[in-house]
Structures are given as structure tokens and as C-alpha cells.
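The chain is numbered in sequence order, starting from 1. Atoms within each ligand, like the ligands themselves, are counted from 1 in listed order. Small disclaimer: the values here were computed from a predicted structure and weren't measured.
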Amino acid sequence: MNFKVPKGTQDILPGQSEKWQYVERVIRDLCEKYRYNEIRTPMFESTELFQRGVGDTTDIVQKEMYTFTDKGNRSLTLRPEGTASAVRAYVEHKMFGQADQPVKLYYTGPMFRYERQQAGRYRQFVQFGVEAIGSADPAIDAEVMALAMDVYTTLGLSDLKLVINSLGDKDTRDAHRSALIEHFTPVVGELCSDCQSRLEKNPLRILDCKVDAKHPAMATAPALTNYLTDSSAEYFTKVKQYLDVLGISYEVDPNLVRGLDYYNHTAFEIMITGEGFGSITTLCGGGRYNGLVEDIGGPESPGIGFALSIERLLLALEAKNIELATGNNLEMYVVAMGEEAKLKAVELVSSFRAKGISADMDYLDRKMKAQMKAADRANAKFVIVLGESELEEQAVNVKTMETGDQTKVEFGQLVQYVLENK
Ligand code: ATP
Ligand code: MG
């Protein structure tokens with residue numbers, strides 16, 4: 001037998017997992033600053049929730065879902081994204097009735113999509129996302145974008161581009177839809193089979209097609225921006241004003257349409273620019289979804305959110321040679337020579353840990369030299385060596401590894417000494 005991780009998934013081993021924890025800590029701290037609170041929803045939901053919430057004509061629903069029937073004959077789907085679940089919970093727990101509006105939520109957790117595996121594209125990946133539900137204020141659109149940008153800049157990434165667009169309101173979409181149908185109908189035979197069916201069902205999706213991206217009709221397609229109603233245009237202007245106030249630069253791309261059906265008004269992506277990142281340049285996507293809560297059975301509650309994957313974030317950091325200060329912070333390594341010393345070592349290690357000092361020791365009865373090497377590999381700040389004479393004296397030299405300095409400390413004072421000098 002030769003077992004491997006399933007295609008499109010990965011093991012995150014020690015060495016790498018510290019980076020994940022570091023990034024997750026930065027994310028939690030930022031969410032706290034912006035006052036977004038964590039929501040945890042199940043890893044699977046009824047299939048229908050995603051058909052409705054993500055949209056029947058999307059790639060996700062049509063091709064990418066892990067759907068199964070359980071023993072009770074229910075159709076369930078491993079969540080491909082987080083918004084539908086967050087909105088389901090918002091409706092189910094009547095969060096629209098809370099005094100504090102908008103309800104500002106965040107989540108991190110694995111998502112599942114049956115995709116072709118490539119760099120930055122996995123079948124199980126971890127998304128961090130936020131949803132602000134219950135406000136149609138353009139200032140919250142700007143806040144959500146600011147938070148997304150803050151994640152990257154806090155981690156030291158700078159070659160970023162915030163690309164925004166407005167998808168307008170329903171009237172905008174209807175007018176644009178007719179224009180798109182008129183534009184693509186003459187060349188429909190040259191488009192991929194997906195686009196041929198999109199033309200009738202949801203022509204906006206054609207603009208997001210990866211197969212036909214280079215077809216000449218794409219470049220000349222009618223831009224949504226030209227169909228914005230007055231109120232949509234005004235909304236978009238305000239979003240941009242707030243971004244200006246926040247000092248966040250952006251680029252307007254009239255062809256930006258997002259992969260999910262439910263967006264209106266603001267749509268945005270954060271891309272990474274410059275060398276070293278291969279073909280996948282989008283790190284984060286988000287937008288406004290004013291009809292979604294109603295679609296899922298709640299009262300009218302406008303919302304906006306984004307999602308980004310930690311995998312792509314880490315790839316970006318790697319491509320830009322940014323080292324996270326994860327720290328390898330073993331504070332004390334206790335070397336023990338002989339049976340009796342080992343009893344003392346176990347006792348001391350435990351007393352260090354009890355006071356919040358990270359401590360470790362040898363569990364292979366290795367020779368002194370090998371134990372010292374282990375202490376080196378662990379990057380220990382202090383090392384003590386327990387042998388017969390130390391037990392007799394009830395004192396030991398504490399060696400500061402970086403300088404080589406040694407200080408004799410009584411057993412009873414050890415914890416105190418490390419606490420004062422670490
Ligand atoms: P793409 O066009 O790359 O397929 P998408 O429109 O499907 O992206 P969203 O559903 O908006 O992406 O997800 C938001 C973010 O989640 C993406 O910008 C990306 O960072 C990340 N993401 C999406 N799919 C994957 C995946 N299969 N593996 C890793 N990260 C992903
Ligand atoms: Mg996708």
C-alpha cells in the first residue's frame with residue numbers, strides 16, 4: 001500500500017504550520033480591530049443552499065461541488081464558499097433582529113471545490129472571509145476593502161492592486177444583459193459550449209469565461225459601466241470617495257465581473273503584481289450582494305463581503321521572499337545525564353512549563369553531545385546540564401546559548417531566573 005493525500009489537497013507539516021498560525025493570528029487581530037466577530041458554520045450544508053446562494057449558472061455549482069447523499073437520503077454538499085452559510089445562519093438565527101447593525105462576521109476554514117489542480121488552486125483550501133450584513137452604506141464597502149488590503153499589507157506585501165467595478169442594480173443588469181445578448185449572438189458559434197448556454201441563462205458570465213478570454217468579441221463587449229442607473233452611479237462614486245479618504249488606491253476595471261451570481265453594485269478583487277507569481281494573480285475577491293438574504297428566505301438585508309485563501313496568501317509571501325517572524329521560541333532545554341538526573345529533569349521541565357516557559361528534554365536516552373545538538377536544533381535560548389554534581393549541589397549552570405555566558409543558579413531559583421532573563 002502506498003497512500004498519498006487526495007489530489008488537490010495537502011498536508012501542512014510543522015515548519016509550515018507555524019506560518020499558518022501566524023497568518024491566522026494576524027487575521028484574528030485585524031478582525032478584532034475592525035469589530036468583525038467570528039462565525040463557525042458546518043463544513044457541509046444542504047445542496048440546495050448553494051444552488052440558490054451561489055447560483056445555478058456558476059462554475060462552482062455546475063462543475064465544482066462535492067455533493068453526496070447521506071444515509072438519510074439527503075443531498076448534502078461540502079461547502080465551496082462561506083457566504084451562503086453565513087447568510088443562512090444570519091436568517092436562521094434572526095440576526096437581522098439584533099440591535100447592532102450591520103452584523104459584521106468573519107470566518108476561516110476549509111472550502112471544497114472539484115477543480116483542476118495547479119499552483120494556488122486546490123480542492124481543499126482555507127478561506128478567510130468577512131460579511132457585513134444589514135447596511136447599504138457605501139462606507140461599509142470601503143471598510144470591507146480596507147480590511148482585506150490590511151491583511152496583506154500587515155503581512156508585508158506591497159505590490160498589490162485593488163481592482164473595483166460596479167455591477168449596478170437590477171435595472172442596470174437588465175439593460176446590460178440585453179446589450180450582451182445582442183453583442184454575442186452573431187458570434188455565439190465561435191464560443192465554448194459553456195458560453196453558448198450562458199448566452200441565454202446569464203450572459204454576464206461570458207465575460208468571466210477562462211476559455212474564451214481571448215476571443216475578439218470579449219474586448220469589444222458592452223461594458224456594464226455604461227449602463228449604470230443614476231443611483232448606481234452615485235453609489236459607486238461614493239464608494240470611491242470613501243476609498244480616497246482611506247488613502248487606498250484602486251483601479252476601475254469595467255470588465256471585472258465576479259464568479260458568483262449574487263453580486264450587485266460593488267465588485268472587487270485584489271491582485272498581486274510583479275514577478276514571481278505565475279499565472280494566478282488574484283488573491284482575494286468580494287462584492288455586494290443586496291438580494292441574497294431575501295433569496296435565502298430572510299428579510300431584505302443588504303450585504304457585502306470578501307473571501308481570500310490562505311494558500312494564495314502564503315504563495316504570494318513566498319514569491320515576494322517575505323519571511324514571517326514566526327519565531328522558534330524554545331526557551332529552555334534540559335540535558336540530563338543518568339537516571340537520577342532524568343527524574344529531576346522531568347520535574348524541572350514541568351515546573352518551567354507551569355510558569356509559561358517553553359521547555360523540552362531528551363526522551364531517547366541520548367549521550368550528552370546528542371542532547372546538546374538537539375538543544376541547538378530547537379534553537380533553545382537556555383540550556384542546563386544535570387549530572388551527579390548538580391544534584392549534589394542543588395544548583396546548575398544556566399547557559400545562554402547565544403552568548404555562551406553561564407550563570408550558576410540554585411534549583412529553587414531557576415524558574416525565577418529564566419523568567420527574569422528570557
Ligand atoms: P478563480 O477565478 O481564481 O477561480 P474564484 O472567483 O473562484 O477565483 P472566489 O470564489 O471569489 O474565487 O474565492 C475568493 C478567493 O478564494 C480567490 O480570490 C482565491 O484567493 C481563493 N480561491 C478560490 N478558489 C481557490 C482554490 N481552488 N484554491 C485556493 N484558493 C482559492
Ligand atoms: Mg474559481
Handout entry: Any donor-acceptor N or O pair under 3.5 Å, side chains Asp169, Ser232
Key = yes

Handout entry: Rounded distance [0.5 Å steps], CZ in Arg74 versus CZ in Phe44
Key = 9.5 Å

Problem - Atoms of ligand 1, numbered as shown, that sit under 4.0 Å from any heavy atom of Cys284 - result: 18 (O)

Practice task
Output yes when the distance from some N or O of ligand 1 to some N or O of Glu311 is under 3.5 Å, and no in every other case.
Solution key: no

Fill in the blank from the handout: Checking heavy-atom distances from atom 19 (C) of ligand 1 to each of Glu81, Gln127, Arg312, the winner is Arg312

Problem - Lys210 contact mode with ligand 1 (heavy-atom cut-off under 4.0 Å) - result: side chain

Practice task
Before signing off on this row, confirm whether Leu283 and ligand 1 have an N or O atom pair separated by under 3.5 Å.
Solution key: yes

Handout entry: Donor on one side chain, acceptor on other, Ser75 and Glu48, under 3.5 Å
Key = no

Exercise for the section: Under 4.0 Å from a heavy atom of Gly120: give me the atoms of ligand 1 that qualify, with their elements. Expected result: 28 (N), 29 (C), 30 (N)

Problem - Side chain, backbone, both or neither: the part of Arg113 lying under 4.0 Å from ligand 1 by heavy atom - result: side chain

Handout entry: Within-4.5 Å side-chain heavy-atom neighbours: Val103 and Phe96
Key = no

Practice task
Verify the distance criterion only: is there a donor paired with an acceptor across the side chains of Thr229 and Asp171 at less than 3.5 Å?
Solution key: no

Exercise for the section: For Gly285, take its heavy atoms, then give the atoms of ligand 1 lying under 4.0 Å from any of them. Expected result: 18 (O)

Exercise for the section: State, without any angle test, whether Arg288 and Tyr235 hold a side-chain donor-acceptor pair at a distance under 3.5 Å. Expected result: yes

Practice task
Examine the side chains of Thr9 and Gln124 and answer whether a donor and an acceptor come within less than 3.5 Å of each other.
Solution key: no

Exercise for the section: Could you list the atoms of ligand 1 found under 4.0 angstrom from a heavy atom of Glu115? Expected result: 24 (N), 25 (C), 26 (C), 27 (N)

